[in-house]
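Heads up: the structure comes next, in structure tokens.
Read the numbers this way: they start at 1 and go in the same order the structure lists the ligands and their atoms. Remember, predicted model here, so these are calculated numbers, not experimental data.
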Amino acid sequence: MKNLISYPKLLKSIGDELYKKLPDFDIICGVPYGGLPIALYISVTYNKPLIFVRDKKKGYGMQKLIEGEYKKEDRCIIIDDVITTGGSIKEAHEILKDEVNIVDTAVIFNRQESDIDVKFLYCRNDVIRYRLKNIKSDKNSNLIFSADLEDPQKIIDILEKIGKYISVCKIHIDTLDLDNYENNFIEELIKLSVNHNFLIMEDRKFSDISYIVEKQYKKIKSWTDLVTVHSFVSPETLSKITGGLIIESMSNIDYSFGKNSLELAESKKDNVIGFITQKRIGTGFFVCMTPGVSLEEKKEGDQNYRNYKEVDTDFIIVGRAIYNSVDPEEIVKKFLN
Ligand code: S5P
């Protein structure tokens, strides 16, 4: 993001797009350093005086913390490039709150790790959606590998062979036998996902109130791109996650939350990527992923398998048919045909 200053045309179009999202205001405040170029561009282009705040921690101490001229009644916008935890934006608020009338805060990129309400152009969820789309088309693969083996080493060994063919690797972290594994499984999984260019999904099927899901998600967020969530959660619960996949229907029982799931997803577009579903729903903005898929139609316990050729959604999720076979690479190639 700091390199944006090396691309003036891009900086300009980002500045214009961000400006369109802002309410009426009188002055604009950039948070150094990341927020300054974009705030200065908006200031000069739209004739809005600029101020900026100094970093308290950097020893300016009792000196002047706000540069530029302002009046108490000025409606002020705070601008930064990125919001992660929101620390520097909170500090700017602190410095400005009794000096001007803060009307909004805007950033270019929201990492979605903070509860502060900000306007933004892009967020983590957008990046996940974009990457999924690109991986699918670059690899020409609609295959999600469901790595439900208990032995982490076996998962790593299979991924080394099939990683280049798959778009996503899905796991259930709580089913893995990690205590008896000498390496750091998550580190290895991330390395493989980078080398072979696939996303990681934790099939957590969140179902609790937002207060709890926020805590649960914190434990896995650093390594998972996608995460599943039941369709009966509240919009508030959904707002705590990114890369969400709403369980619209299950392969093993006959229920469907089509309308609910769509409404829920529409209400939280910045948190949802799509659905786990047996049939295509929505208009294509959200992806549809289907589990319960094998080379042929069959029943195993309560799992209902459909023939992969019968599935018309965006992705198929396949577990046992791949990892129980003697040659996973050969089987993967069959699914991709
Ligand atoms: O409806 C569903 C939803 C999911 S996420 N049915 C499913 O089977 N799944 C998951 O897909 C299930 O938890 C498992 O991880 C995978 C299917 O694995 P397989 O071995 O039966 O292909």
Inset, instruction - Go through the side-chain N and O atoms of Tyr41 and Asp16 and say whether any donor and acceptor fall under 3.5 Å apart. - result: yes
Legend entry - atom 22 (O) of ligand 1 - nearest protein heavy atom and its distance: Gly319 N, 2.9 Å
Legend entry - Asn125 and Thr242: side chain donor to acceptor below 3.5 Å: no
Inset, instruction - Provide, to 0.1 Å, the distance between atom 17 (C) of ligand 1 and the closest protein heavy atom, together with that atom's residue and name. - result: Gln303 NE2, 3.7 Å
Inset, instruction - Output the list of atoms in ligand 1 that are nearer than 4.0 Å to some heavy atom of Tyr305, sorted by atom number. - result: 19 (P), 20 (O), 21 (O), 22 (O)
Legend entry - Identity of the nearest option to atom 3 (C) of ligand 1, non-hydrogen atoms only, from Pro291, Ser294, Gly301, Ser249: Pro291
Inset, instruction - For atom 16 (C) of ligand 1, grab the closest protein heavy atom and report residue, atom and distance to one decimal in Å. - result: Ser146 OG, 3.4 Å
Legend entry - Residue part near ligand 1, for Lys170, under 4.0 Å between non-hydrogen atoms: side chain
Legend entry - Geometric class of the Tyr181/Phe185 ring pair [parallel <30°, tilted 30-60°, perpendicular >60°]: perpendicular
Legend entry - Atom indices of ligand 1, in the order listed, that fall short of 4.0 Å to a heavy atom of Ser251: 1 (O), 2 (C), 6 (N), 7 (C), 8 (O)
Inset, instruction - Consider only side-chain N and O atoms of Thr175 and Glu150, and report whether a donor and an acceptor are under 3.5 Å apart. - result: no
Legend entry - Glu188 versus Asn184, side-chain donor and acceptor atoms under 3.5 Å: no
Inset, instruction - Go through ligand 1 atom by atom and flag the ones less than 4.0 Å from a non-hydrogen atom of Lys205. - result: 4 (C), 5 (S), 13 (O)
Inset, instruction - Identify, by atom number and element, the atoms of ligand 1 in contact range of Arg320, meaning under 4.0 Å from any of its heavy atoms. - result: 19 (P), 20 (O), 21 (O), 22 (O)
Legend entry - Electrostatic pair Arg129:Asp126 at N-O distance under 4.0 angstrom: yes
Inset, instruction - Distance to 0.1 Å, residue and atom name: give those for the protein heavy atom nearest to atom 5 (S) of ligand 1. - result: Asp203 OD2, 3.0 Å
Legend entry - Approximate separation, where rounding is to 0.5 Å, of Met1 CE and Asp80 CG: 10.0 Å
Inset, instruction - Look at atom NZ of Lys71 and say whether more than 12 heavy atoms of other residues, nucleotides or ligands are closer to it than 6.0 Å. - result: no
Legend entry - Enumerated ligand 1 atoms positioned under 4.0 Å from heavy atoms of His172: 13 (O), 15 (O)
Legend entry - Atom indices of ligand 1, in the order listed, that fall short of 4.0 Å to a heavy atom of Asp148: 14 (C), 15 (O), 16 (C), 18 (O)
